[in-house]
Structure formats: structure tokens, C-alpha cells
Amino acid sequence: MQPLTMLPEMVLFGTGLAVLLAGSFLPRTRQWWTRIVAATGVLGCGTAAALAMTGPDRAGFEGTFVIDTATSVARMVAATAVLCVLAVAGGEIAGSARESETYALLLFATTGILVLAGAADLLVLITGFLLTSIPLYGLIGVVRSPQSAEAALKTYLLGALFGIVLLLGVSLLSGITGTTRYDELTGLLGDVPVAVVAAGFVGVTAGLLFEAGAVPGHFWVPDAAQGAGGIVAMFLTTVPKVGALIALYRLATIVPDTVAWPRVLAVLAVASMTLGNLAAYGQRDPRRLLGWSTVGQVGFLLVPITVTGRSDLALPSLLFYLAAYTVTNIAAFAVTTSLPEYRDLSDYRGLSRSRPWLAGALLVALLGLVGTPPTGVFVGKLTTATAAWDGGRPWLAVAVFVTTLISLFYYLRWIVPAYLHRPEPDDSRVCVPESWSAGAAVITAGLSLVLGMAAGMIWGLITP
């Protein structure tokens, strides 16, 4: 049955509606029930995705939405990430005035992300983009603070601008071909003016780069990571990238050879990894540092997309890197959420003595983001660089290694105080780590190590 093709997405969206309605009637002291309902829906989504992965690739709704390895991995990675976010929410926003609304918006945004990942039609792509973006604006503005308001406004304005550009790109491509389905566009785009095709792809790409947080649509990411709540920052720096980057991969499969789109994307990848890592140097706020780090990481994730069709490693390296980056970045943000009063790198002085488990999770997360073995991101970066080399872009592989080396130094600025300096004797702040977020930090840091050590087995599962 065609509706079952999108069963995980339907479960997520339906659960979001249930959470929103239930939250309207439950007293504030009983809002935790909505978190249970949300987690149950996400588990149902993940289970349905795992079952779908065992079957053959297929398409539904007249070929506009596809279920393949990429879609299944996106579903399971997103479900895992949202479960971690919900776990941390148990310590951060439990009993708050907007608890149920936050869970509903998280589920709606995740639904849009999964629609992006499986879209094989430009109109479905637009639907996924809007369903992802609009809840994100609300999530960023949930915290009532000047920083949150500024971040929400900046995200909304940039989202509107890049959304319009995406719509213009879709209008150009559909107008010159008379269709929006990817399989039909493949055979028609080679016979139309190159300039129009290039303009159309640039427009669609710009919208997806905003969603992913890459140059030139990256300006909102550091502000949102710094100004939003901990769980929102954790979500927006990880999960939207899953849908946006897989959507870019699918777009890469239909670009005609007459358009130099892969070269343009390669330049943007280098710009993202360079700007993100260099801008992180001057940051003192840990969450803003992680926001700029996210921009750099998206640059690395764009690399395999540039060699789509030229290297068999492109898709598996992208999917593995996405999974590894998601759990590793969540671990880093979970540490910052456990210590909400630590808003300067110097505040982490002596963390290894006062809270050794959190310090261990932070060490694994930050060295993982660098790409240190045996973490999962190490395997992701290695296979990404290998894919670039195999696809005839050795300069891109060199850029990956050089910018990775650059990133080491600003991560060390965070690690060194935590491990080599004693805590301040007059530090009287009450900042006991929440068990929910601290547990999530340790678990996701462990998952990063597991992904790295079990990379061979996992690689076989995600290779088409």
C-alpha cells in the first residue's frame, strides 16, 4: 500500500499532533506525559524504518518519494538523535511553560527532514523544506531572551530569503522541462539551455545549503547555537543536516554533465570547512564555538556529494559520516547542557577532577569532531577524503586533511583547561549536572566510539 511507504513520517507527524493536543489539556506538572508519548512515536518511527530497510528499494506516490538505503539511514539516524534530545529535555525543560509545544515542534521538524531525505520530486522537496524550517523558527525563539530573539529573527529572515531562492530554482527547472520528478528531469535537462539549468540548480542548492548550515547560508547557525536552549541547539546543529545533505546527494544524481555544479559545490565545501574552523578560533562561548564547528563539519560532509557518480564511496561515506557526526555532536552539546552556567571556555577549568564522567564524554566528543581514531568521525573523514581522491579531486582530499589539522587547535583550547588546570578554589556556583543530559553525553560519546570500532560491519550494511 502506498501510504505505508511513508509510515515512519506519518507516525512522527501524528505523534506531534497528539503531543500538541494533549499538552493543551494537561497541567504543567503532568507535561512529562507528552515526552513519553513523543519518545514512543520516535521509537515507532525508528522501528518502522529498520523494518523497511530489510526490503528492496521502492518508490511511492508515483515515484515522488523513494525508500532506499539513504532514506532508511536518515530515518534511523534522525530517530536516534531525537531520542537523545528528548532524554536531555527531561532535565532541561521539564515542567516549563512550553514543554509540550517544544516536543511537538521537534517532531514536526523531524518529519520535514525525513521528507527531504526521501524526496524524488521538486515539489516534495519544497514541502520538506518548509515543514523543516517553520518549526525551527519557533524552536529557536522558545527561550525568552534577547539572544534567542535575535537568533530566531536572523534564522527566519535568512530562511525566507533562501526559501524564495529555492522556489525560484524549482520554477526554472520545472518551467523549462514541464516536470518536477527527478527520473524525468534526468532525460530532459541535457537538451535545454545550460544557463537556465545552472541557475535552477544554484537556486535549489542555495535553499538546501541554508538548511544544512553551509556557506553561504550559514550565518544563522552560530547565533542559534548560542541563543537557543540546549536541546534546540543540539537538534538544529545535527538533524536538519541529515535531510538536507541527502537531498543534495539526490540532486547531484540528476545534474547533467553540461553544468559544472559539482565544481561549484566543491568550492563551497572548502569555503565552509575553512570559514567554520577559522571562525571558531575566536569564540569563548562553548555553544557558539560548536556552532562554527558545525559549519566546518558541513563542509566535510559536502565533499562526497561532489564526486557523486564518480566514486562508489560517495554515498556510504556520506551516510556513515552523518551518523557519526550526529552522535558525536550531540555528546558535545549534552555536556554544555549539563553545565548551563558554564558559558566561557575557562569555566571548564578542572572539570576532569570535579566531574570526571562529563570530562571524559567531552574529551571523546571533541577529539571525535577533530577526527581522532577510534571515533566514528575519524572513519567518516577518512572515507570522505578517499572518495574525493577516488573521484578525481585530490585537492579536495588535501583540503579535508589541512582543515582537520586546523580544527585541532581550537578544540584543544576547550580540552586543556578541563584536564590540565585545577578548579578555581572560590568557585561557588551551583551547577550540578543534570542526570538526563549527563547520561546522554556519556552514552552518545560511547556510541561515537562504537561506530568507529564497528565501522567495517556498519559499512557493509549501508553500501548499496
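Please read these numbers as outputs of a predicted model, since none were measured by experiment.
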Query raised in the report: Under 6.0 Å from the CH2 atom of Trp357, do we count more than 12 heavy atoms belonging to anything else shown?
Result: no

- Task: Please tell me if the side chains of Thr336 and Tyr348 come closer than 4.5 Å, counting only heavy atoms from C-beta onward.
- Result: yes

For Thr337 and Ser437, run side chain to side chain donor-acceptor pair (under 3.5 Å): C-alpha distance rounded to whole Å, both residues' side-chain angles, the deciding distance at 0.1 Å, then the answer.
-> CA-CA 6 Å; Thr337 308; Ser437 49; over 6 Å; no

Within the side chain of Gln283, is there an N or O that forms a donor-acceptor pair under 3.5 Å with the backbone of Ala279?
-> yes

Across all chains, not counting sequence neighbours, the side-chain hydrogen bond (donor to acceptor under 3.5 Å, both in side chains) partners of Thr404 are Lys381

Could you check whether any side-chain N or O of Thr180 sits under 3.5 Å from a backbone N or O of Leu123, counting only pairs where one atom can act as donor and the other as acceptor?
no

Applying ring-ring contact (aromatic ring centres under 6.0 Å, His included) to Tyr410 and not counting sequence neighbours gives Tyr281

All heavy atoms of Thr71 vs all of Ala117, minimum pair found to be OG1-O, 4.0 Å

Residues 32-42 vs salt bridge (Lys or Arg N to Asp or Glu O under 4.0 Å), sequence neighbours excluded, gives Arg35-Glu99

Worksheet item: Do the ring planes of His218 and Trp292 sit parallel (below 30°), tilted (30 to 60°) or perpendicular (above 60°)?
Response: tilted

>> Using only atom types and a distance under 3.5 Å, with no angle test, would you say the side chain of Ser133 pairs donor to acceptor with the backbone of Leu130?
In response: no

Query - Side-chain donor/acceptor of Thr34 to backbone N/O of Gly23, under 3.5 Å - result: no

With sequence neighbours left out, the residues meeting side-chain hydrogen bond (donor to acceptor under 3.5 Å, both in side chains) with Thr132 are none

CZ/Arg284: more than 12 non-hydrogen atoms of other groups inside 6.0 Å
yes

- Message: I'd like to know if the side chain of Glu211 reaches the main chain of Pro240, judged simply by a donor and an acceptor atom lying under 3.5 Å from each other, with no hydrogens or angles considered.
- Response: no

Discussion item. When you compare the side chain of Leu209 with that of Leu302, does any pair of heavy atoms fall below 4.5 Å?
Written reply: yes

Here the ring pair (Phe, Tyr, Trp, His ring centres under 6.0 Å) pairs for residues 64-85, sequence neighbours left out, are none

Leu125 and Ala247 have their tightest heavy-atom pair at CD1-CB, 3.8 Å

Sorted by chain and number, sequence neighbours left out, side-chain contact (heavy atoms from CB on, under 4.5 Å) with Ala50 holds for Met76

Report task. Mark yes or no for whether Ser148, through its side chain, and Val143, through its backbone, hold a donor-acceptor pair below 3.5 Å. Result -> yes

Regarding Ser293 and Tyr411, do their side chains bring together a donor and an acceptor under 3.5 Å, going by distance alone? yes

Between Thr383 and Ser317: side-chain donor-acceptor atoms closer than 3.5 Å: no

> Taking the side chain as C-beta and beyond, is there a heavy-atom pair between Leu248 and Thr205 under 4.5 Å?
Replying inline: yes

Can you list, pair by pair, the side-chain donor-acceptor contacts under 3.5 Å of residues 268-276, counting residues two or more places apart and other chains?
residue : atom : partner : partner atom : Å
Ser272  : OG   : Val215  : N            : 2.9
Ser272  : OG   : Leu268  : O            : 3.1
Thr274  : OG1  : Val270  : O            : 2.7

Quick note, salt bridge (Lys or Arg N to Asp or Glu O under 4.0 Å) partners involving residues 212-229, not counting sequence neighbours, are Lys154-Asp223, Asp223-Arg288

Gln297 side chain to Leu369 backbone, donor-acceptor under 3.5 Å:
yes

Can you tell me if Thr111 uses its side chain to pair, donor with acceptor, with the backbone of Leu107 under 3.5 Å?
yes

Value for CG (Leu358) from CG (Leu362), rounded to nearest 0.5 Å, stands at 8.5 Å

Practice item. Examine distances only and state if a side-chain atom of Tyr419 and a backbone atom of Ala359 form a donor-acceptor pair shorter than 3.5 Å. Key: yes

Contacts of Ser100 meeting side-chain hydrogen bond (donor to acceptor under 3.5 Å, both in side chains) (sequence neighbours excluded), chain-then-number -> Gln31

query: Do Asn329 and Thr237 meet the criterion of a side-chain donor-acceptor pair at a distance under 3.5 Å?
result: yes

side-chain hydrogen bond (donor to acceptor under 3.5 Å, both in side chains) filter on Ser346, not counting sequence neighbours, yields Asp344

Residue pairs meeting ring pair (Phe, Tyr, Trp, His ring centres under 6.0 Å), one or both in residues 102-148, sequence neighbours left out, come to Phe13-Phe108, Tyr137-Tyr156

Quick note, salt bridge (Lys or Arg N to Asp or Glu O under 4.0 Å) partners involving residues 228-251, not counting sequence neighbours, are Asp68-Arg250

**Prompt:** Trp33 side chain to Val19 main-chain N or O, any donor-acceptor pair under 3.5 Å?
**Reply:** no

CG of Asp121 to CD1 of Ile126, rounded to nearest 0.5 Å, is 9.0 Å

